[in-house]
Each structure stands twice: as C-alpha cells, then as structure tokens.
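Order of the sequence lines fixes the chain letters, A, B, ..., with proteins taken first and strands second; residue numbering starts at 1 for each chain.
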Protein chains: 2
Amino acid sequence: MTNIRDLAHEANVSVTTVSRVLNDHPYVAKEKRRAVKAAIEKLGYIRNQTAVHLSIGQTKTIGVMLPFVDHPYHAAILQGIAKSAFEKTYRFLTWQTNYVEEHERTVLRALAQREVDGLIIVSHSLPTADILSYEQYGPIVFCELHEAVSAVYINHYSAFRKGLMELQRLGHTNIGICLGRSDSTNSLARKQAYHDFVEQASNDWVYEQTLTIEDGARVAARWLKQKQRPSAILTASDHVAAGLILELRKQGYRIPEDLSVIGFDGSDLAEVLSMTTISIPYDVIGQQAFSLVTRQDAATVRQIEIPSTLISGLTAQNVHPVH
Amino acid sequence: MTNIRDLAHEANVSVTTVSRVLNDHPYVAKEKRRAVKAAIEKLGYIRNQTAVHLSIGQTKTIGVMLPFVDHPYHAAILQGIAKSAFEKTYRFLTWQTNYVEEHERTVLRALAQREVDGLIIVSHSLPTADILSYEQYGPIVFCELHEAVSAVYINHYSAFRKGLMELQRLGHTNIGICLGRSDSTNSLARKQAYHDFVEQASNDWVYEQTLTIEDGARVAARWLKQKQRPSAILTASDHVAAGLILELRKQGYRIPEDLSVIGFDGSDLAEVLSMTTISIPYDVIGQQAFSLVTRQDAATVRQIEIPSTLISGLTAQNVHPVH
DNA sequence: GCTTGCAGTGAAACGCGTTCCATAGTTTAA
DNA sequence: TTAAACTATGGAACGCGTTTCACTGCAAGC
C-alpha cells in the first residue's frame with residue numbers, strides 16, 4: 001500500500017507538502033501541487049482514514065444506541081440520522097441493545113475508547129446517571145427528555161393530552177390507555193397526562209407493557225373480559241392499536257362503534273388501517289439529534305422539543321354517532 | 001489522555017509488556033501483570049481503538065450499503081447484521097444511498113480508504129462490475145444474486161413461482177404481477193417466472209415500478225380502468241399489496257372475491273391484513289451476509305440461497321368459491 | 001534602506017498500540 | 001551433560017497522516 005512518504009519521494013517534495021495537497025492547503029506552489037497529484041495518480045494512492053483519525057484525534061463517526069433497529073419508529077430515527085450524517089460526511093455506528101444493560105455498557109465503552117466522537121441514545125434502560133458518567137469522553141444526546149441532558153424529545157405528556165382531548169371531544173368519558181415499558185420516562189408522562197385530564201381515569205383501564213401487535217391482541221382479550229369497559233382506548237403505538245383493532249374485529253366487534261381507538265406514531269400501519277393516530281416526525285428527531293451531537297459547543301445542554309400532530313382517521317368517533 | 005507508554009513508565013515495564021497484558025498474552029510474569037493492571041487502574045487508562053485499528057491494519061468494522069434504512073425489509077436485514085456483528089464484537093457502518101450512484105460511490109470509496117474491512121451490499125444501482133472493481137480493497141457480499149460474486153440471496157424466480165402456482169391452484173388463469181424497479185435483477189427473475197409459468201401472461205398485467213403503498217393504490221386505479229382484468233395479482237411487496245387491497249376496498253370492491261392478492265415479504269403489514277404473502281427471513285439474510293463478509297477465505301466466491309415460504313392468509317381464494 | 005509580513009517548504013515530533021527480533025534465564029528431552 | 005525448547009522481557013521499528021516550528025525568499029510599508 002503506497003503511503004504519503006512514497007508520494008513525497010516520487011514527487012520530490014516533503015511529506016508536509018503532500019499532506020498540504022491532500023488537504024487543499026493554499027501554501028503549495030502550483031508546480032509541486034501538480035507533481036504530487038501526478039504521483040497520486042501514478043501510484044494509485046488512497047488515503048488511509050484510520051491514520052487520519054488517529055492523527056486528528058477524531059473519528060468523524062457518531063454512535064447510535066437503540067433497542068431495536070427494525071422497529072418502524074426507531075428505523076425512522078435512524079433514517080434521519082443517516083441523512084444528516086451523509087450530508088456532513090460523518091459516519092455512524094449502530095448498536096442494537098435489546099434494552100440489555102450489558103449491551104448498553106458496550107456502547108458507552110466504545111465512546112470511551114474513542115471509536116466514536118459522540119453518542120445518540122435513542123432509548124435505554126441503564127440509569128441516566130450511569131450514562132452521563134461517560135460524558136467526559138464525548139457529547140451524549142438523548143431522544144428522551146431527562147433533566148440536565150441534551151435531548152431531542154417528544155413531549156409525551158402533551159401528545160397524550162392531545163389524544164385524550166380528542167376522545168373527550170367525541171364524547172368519551174370512559175377512556176383507557178395502553179402504555180409501553182412500565183417505568184420508562186415516556187410511560188410516566190403518559191400516565192400523568194391520563195390522570196390529569198381524564199376525570200374517570202381508572203387503573204383497570206391502564207393496560208401496561210404493551211409494545212407489539214400481539215400485545216394489542218392481548219389487550220383486546222382483557223377488554224373483552226372486563227365488566228366495566230372503556231369506550232375508547234388511546235395507545236402508545238400504532239402496532240398495539242392495530243393488534244387491538246384487528247383482534248376485536250375478528251371477534252365480531254366494530255371499530256369505532258364498539259370501541260374507539262387512537263394509535264401513536266403515524267406509521268404506515270396507521271395509514272393502511274385509516275387509523276386515527278398521533279403522528280411523530282421521527283426522522284426529524286434523528287436529524288436534530290445528529291446536529292446536537294456534532295455541534296461545536298456540544299458540552300452545553302440543549303433541549304429541542306419536537307411537535308406531534310393528531311391525524312384523524314376512522315378508528316375514533318362519537319360515542320353516540322348520528323346515523 | 002494516558003497512553004501505553006505512561007503505563008509502562010508507571011509499572012516499570014516496557015510497552016511491549018503492557019501491550020501483552022492488554023491482549024492477554026501468556027508470556028508475562030504474574031508480578032508484572034499485576035503491576036500493569038494497577039497502573040491501568042491508577043491512571044484510568046482506556047485503550048484507544050483508533051490506534052489499535054491503525055496498528056493491526058483492520059477496523060473490525062464492516063459497511064452496509066442500502067437504499068433506505070427505514071423500509072421494513074431493509075431494516076430487518078440490518079437487524080440481522082446488527083445481531084451477528086454484536087456477537088462477534090464487530091461494528092458496522094450504514095450508508096443510505098437512495099439508489100443514488102454518487103452516494104454508492106462514496107461507500108465504495110470508504111472501503112478503499114480502509115474505513116471498513118468489507119462491504120455488504122443490500123441493494124444497489126451501480127453496475128455490478130463497477131462495484132467489483134473495489135474488491136481488491138476488501139470482501140464484498142451482495143444480498144442479490146449476480147454471477148461470480150459472493151451473495152446471500154432469495155431465489156426470486158422460485159419464490160414468485162410459488163405465488164403463481166398457489167394462484168393457479170386456486171383456479172386463477174388471468175394473473176397479473178407487480179414489480180419493483182424496472183430492470184433490477186429481482187424484477188427480471190420475477191418477470192421470467194411469470195412468463196414461464198403463467199399461460200395467459202400478458203404485459204398489460206405487469207404493473208411496473210411499484211414500491212410503495214401509494215403505488216399499490218395506483219395499480220388499483222389502473223386495474224379499475226382495464227377492460228380485461230386479471231382475477232389475481234401477485235405483488236413484489238406487502239406494501240404494494242396493502243395499497244392495492246385498501247384502495248379497492250375503499251372503492252367498494254371485495255378482496256379476495258373480486259381480486260385475489262398475494263403480497264411479498266411476510267411483514268407486519270401482511271399479518272395485520274391477514275394477507276396471503278410470501279415470507280422472507282430477512283434477518284437471516286443479514287446474518288449470513290455478515291458471516292460471509294467476515295470469514296477467513298472471504299476471497300472465495302460463495303453463494304447462499306435463503307428459502308421463502310408461502311403464508312396463507314385471506315386475500316387469495318378460489319376463483320369460484322363454494323359458498 | 002530597513003522592518004514587517006506573508007508565501008512556500010521540509011525535518012521531525014506526534015498520536016498510540018502492535019509486533020519483530022534479539023537477549024537471557026529455565027526447563028525438558030536425549 | 002548438552003542441545004533443544006520454552007518462558008520472559010524490552011528496544012525499536014512500524015502503520016500513516018497531521019502539525020509544529022524553523023527557515024528562506026520576496027514584496028509591501030514607512
């Protein structure tokens with residue numbers, strides 16, 4: 001593999017001059033610049049990026065920690081990161097953690113070992129403080145809101161409020177909610193919104209640990225068994241909503257007549273089912289997170305709220321619709 | 001930042017010995033090993049991976065080129081890669097190309113610049129030969145079948161055959177197909193299967209350039225306008241099938257009574273719509289591709305076929321069903 | 001005419017871990 | 001007893017691009 005010294009020899013200049021040519025530094029005479037370029041051509045030289053990285057002390061790479069790369073909304077965040085990174089000629093490494101703490105530690109270790117210049121934490125299960133102890137090695141940006149950390153986040157409290165208000169506007173008073181991971185920051189905010197805005201809030205109508213389509217079907221089963229049923233359910237993901245809707249339809253119930261359902265995410269799934277959902281621009285989250293983690297004053301805590309939008313579909317309607 | 005030389009000094013040994021300790025080399029006396037570990041502890045030393053990479057001439061990182069990270073089946077492949085990479089303590093860089101050739105070139109350049117040890121090409125638009133000219137810089141594995149390249153692939157000819165046979169088994173003779181990108185390897189194989197196995201194959205019933213849900217709706221519109229309509233359509237993606245199904249239902253048509261539809265991918269979408277589909281284990285593709293690109297004799301061309309499975313749903317049925 | 005100041009250039013140090021090779025003390029096998 | 005085979009250890013080179021610093025010419029400023 002030919003290197004910068006071979007080029008210097010071939011072009012009869014110093015390695016410094018070769019480096020200047022490679023980096024478009026102005027202080028190089030036309031002659032020499034031409035000679036170096038000729039040498040590059042002749043020897044088929046290609047820059048070794050690893051050497052550049054070692055030399056400049058940066059990898060121009062950021063790391064992304066997320067639980068699952070193939071969940072639609074994580075993938076959408078990734079998409080936003082990919083787009084921004086490409087534009088800024090940055091690279092990104094992805095780690096799928098499955099919420100396993102030891103895996104998350106691997107990611108943090110990678111930051112400490114300078115494999116990446118900074119980290120975007122899409123979601124995590126390690127205590128936030130543990131993660132922050134690695135901030136000394138590089139900027140860390142979260143996609144969930146925590147105190148005193150840089151974050152690009154959805155205000156789940158107000159997003160959920162939006163859904164709850166919509167259901168009340170439609171005349172519902174008996175409203176239930178589906179939540180994801182029990183004690184995640186997001187779930188807590190959602191539960192708070194539920195209790196703050198729904199008069200008849202009841203723990204019987206809080207369906208926890210719902211993440212997948214199957215979980216949605218499980219909610220349906222539980223709903224069917226209840227004597228006191230909510231007339232509307234606000235979910236925390238389109239997947240859960242889809243599972244719920246489809247299972248109930250399979251059992252002969254009508255959506256929204258028998259149960260109004262609102263999804264969350266604004267995914268393809270919601271579109272396909274003409275679902276009422278709360279849409280989140282996940283790609284924008286990725287883009288903003290990238291720009292935060294690569295900004296100059298990355299040490300400064302900065303928080304960016306991303307707006308959510310209620311999209312009306314056909315799965316939520318008035319309690320007593322006019323026929 | 002403390003480095004290996006600081007450690008050597010602190011522990012009163014040579015850098016060689018420190019390196020040996022770091023790499024668990026056996027030829028180190030217990031005493032010295034302990035001394036080095038104490039120094040590591042005391043100085044808070046953390047290995048600089050970039051230096052390791054430069055030194056060993058490898059990055060233990062592979063690159064992944066794909067058009068879109070947020071399309072379900074690409075994400076599923078990514079998931080498989082992520083899993084395997086994690087297990088083997090490899091990293092992976094992802095590039096989203098949007099099928100833009102210049103972007104694809106960026107990825108190839110990254111291989112040449114030794115940013116990655118090898119490349120997994122999930123899908124591409126550059127000529128295969130152009131890509132192969134970079135094989136001198138590291139192993140390249142495709143997720144589509146080409147001659148003389150290492151690949152992990154779906155036999156789209158036989159997969160499509162499976163779908164077409166199923167439709168014929170149900171009594172259909174007027175069968176149409178939806179294809180993705182016009183001249184992609186996959187589309188050609190599918191078209192071939194169509195002409196080989198469907199007696200009444202007609203170009204009027206080949207709907208090209210269908211990739212998204214919206215494209216599926218467009219197919220519906222075109223189908224509606226045709227005087228001679230197929231009674232069944234085999235698509236190349238669940239998304240397209242979903243768009244087609246939902247648009248027709250919206251127009252008052254019944255699926256499968258008025259049109260049998262078979263999807264492709266085995267995605268969540270298919271499950272949600274109880275769609276008949278041809279399921280592909282995309283995560284396995286990712287895993288196998290990873291294992292090919294990192295194997296010792298990566299230079300040897302190796303091809304692995306991944307099996308597809310027909311999953312019966314409710315969107316395809318007999319032409320004249322018995323009521 | 002003399003001081004600044006900028007263009008142009010290169011030697012050498014730097015970032016940092018790995019590894020080749022030489023050296024020396026021990027064992028083990030013959 | 002002696003040669004062969006280990007075990008231990010470190011100096012120095014290596015992988016390779018960037019950057020600091022010193023230095024030479026020249027031209028502009030006063």
Side-chain angles (χ1 to χ4, degrees), chain A residues 1-37 39-40 43-61 89 109-117 137-138, chain B residues 1-37 39-40 43-61 89 109-117 137-138:
Chain A
M1 288 283 85
T2 117
N3 63 32
I4 215 181
R5 274 159 244 265
D6 298 334
L7 288 183
H9 188 255
E10 174 72 26
N12 253 86
V13 296
S14 68
V15 293
T16 311
T17 299
V18 173
S19 179
R20 289 210 182 90
V21 172
L22 291 174
N23 293 294
D24 287 315
H25 187 287
Y27 287 0
V28 179
K30 280 205 185 83
E31 294 267 319
K32 308 221 169 189
R33 172 163 275 128
R34 209 174 304 129
V36 170
K37 293 203 166 160
I40 290 174
L43 303 183
Y45 170 77
I46 296 178
R47 188 97 115 294
N48 181 325
Q49 282 298 337
T50 305
V52 175
H53 292 158
L54 175 61
S55 201
I56 66 176
Q58 286 182 48
T59 56
K60 295 290 178 187
T61 301
T89 62
R109 237 174 278 132
L111 175 65
Q113 293 177 160
R114 271 144 293 179
E115 288 184 64
V116 293
D117 297 340
Y137 303 111
Chain B
M1 288 285 81
T2 115
N3 62 32
I4 213 180
R5 274 160 246 265
D6 299 333
L7 289 183
H9 187 255
E10 174 73 26
N12 254 83
V13 297
S14 68
V15 294
T16 311
T17 298
V18 174
S19 179
R20 289 210 182 91
V21 172
L22 291 174
N23 294 294
D24 288 314
H25 187 288
Y27 288 0
V28 179
K30 280 203 185 86
E31 293 268 320
K32 307 220 169 188
R33 172 163 275 127
R34 208 175 305 128
V36 170
K37 293 203 166 160
I40 290 175
L43 303 183
Y45 170 76
I46 297 179
R47 192 94 112 297
N48 182 325
Q49 283 298 337
T50 306
V52 175
H53 293 158
L54 176 61
S55 199
I56 66 176
Q58 286 183 49
T59 56
K60 296 290 178 187
T61 301
T89 61
R109 236 174 278 131
L111 176 64
Q113 295 176 161
R114 273 144 291 178
E115 289 185 63
V116 293
D117 297 340
Y137 303 110

Can you measure [X] atom [atom1] to [N] atom [atom2] for me and round it to whole angstrom units?
X: Lys32(A); N: dG25(D); atom1: NZ; atom2: P; result: 13 Å
X: Asp6(B); N: dG17(C); atom1: CG; atom2: P; result: 9 Å
X: Ile4(B); N: dC14(D); atom1: CD1; atom2: C1'; result: 14 Å
X: Arg20(B); N: dT18(C); atom1: CZ; atom2: C1'; result: 10 Å
X: Asp24(A); N: dT18(D); atom1: CG; atom2: C1'; result: 15 Å
X: Ile56(A); N: dT20(D); atom1: CD1; atom2: P; result: 13 Å
X: His25(A); N: dT9(C); atom1: NE2; atom2: P; result: 12 Å
X: Arg47(A); N: dC16(D); atom1: CZ; atom2: P; result: 14 Å

Could you check which of [options] has an atom nearest any side-chain atom of [X]?
X: Asn48(A); options: dC16(D), dG10(D), dG17(C); answer: dC16(D)
X: Val52(B); options: dT9(D), dT18(C), dG17(D); answer: dT18(C)
X: Ala29(B); options: dT9(D), dA12(C), dG11(D); answer: dT9(D)

If each of Arg5(A) and Val13(A) is mapped to the nucleotide of DNA chain C with the nearest heavy atom, which maps nearer the 5' terminus, i.e. the 5' end?
Val13(A)

Please determine if a side-chain N or O atom of [X] lies less than 4.0 Å away from the OP1 or OP2 oxygen of [N].
X: Asn23(A); N: dG17(D); value: no
X: Ser19(B); N: dT18(C); value: yes
X: Asn3(B); N: dG15(C); value: no
X: Thr17(B); N: dG10(D); value: yes
X: Tyr45(A); N: dG17(D); value: yes
X: Ser14(A); N: dG10(C); value: yes
X: Lys30(B); N: dA8(D); value: no

Shortest non-hydrogen separation from Ala39(A) to Glu10(A) and the atoms involved
CB-CG, 3.5 Å

Correct closest heavy-atom pair for Lys32(A) and Thr17(A) would be CB-CG2, 4.4 Å

Start at the 5' end of DNA chain D and walk down; is the nucleotide closest to Ala51(B) or to Asn12(B) reached first?
Asn12(B)

To the nearest 0.5 Å, atom OG1 of Thr59(B) lies from atom CD of Gln49(B) at 10.5 Å

Working to the nearest 0.5 Å, report the span between CG of Leu7(A) and CG of Leu22(A).
7.0 Å

Within a strict 4.5 Å, meaning less than it, do heavy atoms of the Asn23(A) and Arg47(A) side chains meet?
yes

Just wondering, do Lys60(A) and Thr89(A) contact through their side chains at under 4.5 Å, heavy atoms?
no

Polar side-chain contact Thr16(B)-dG11(D) base: donor and acceptor under 3.5 Å
yes

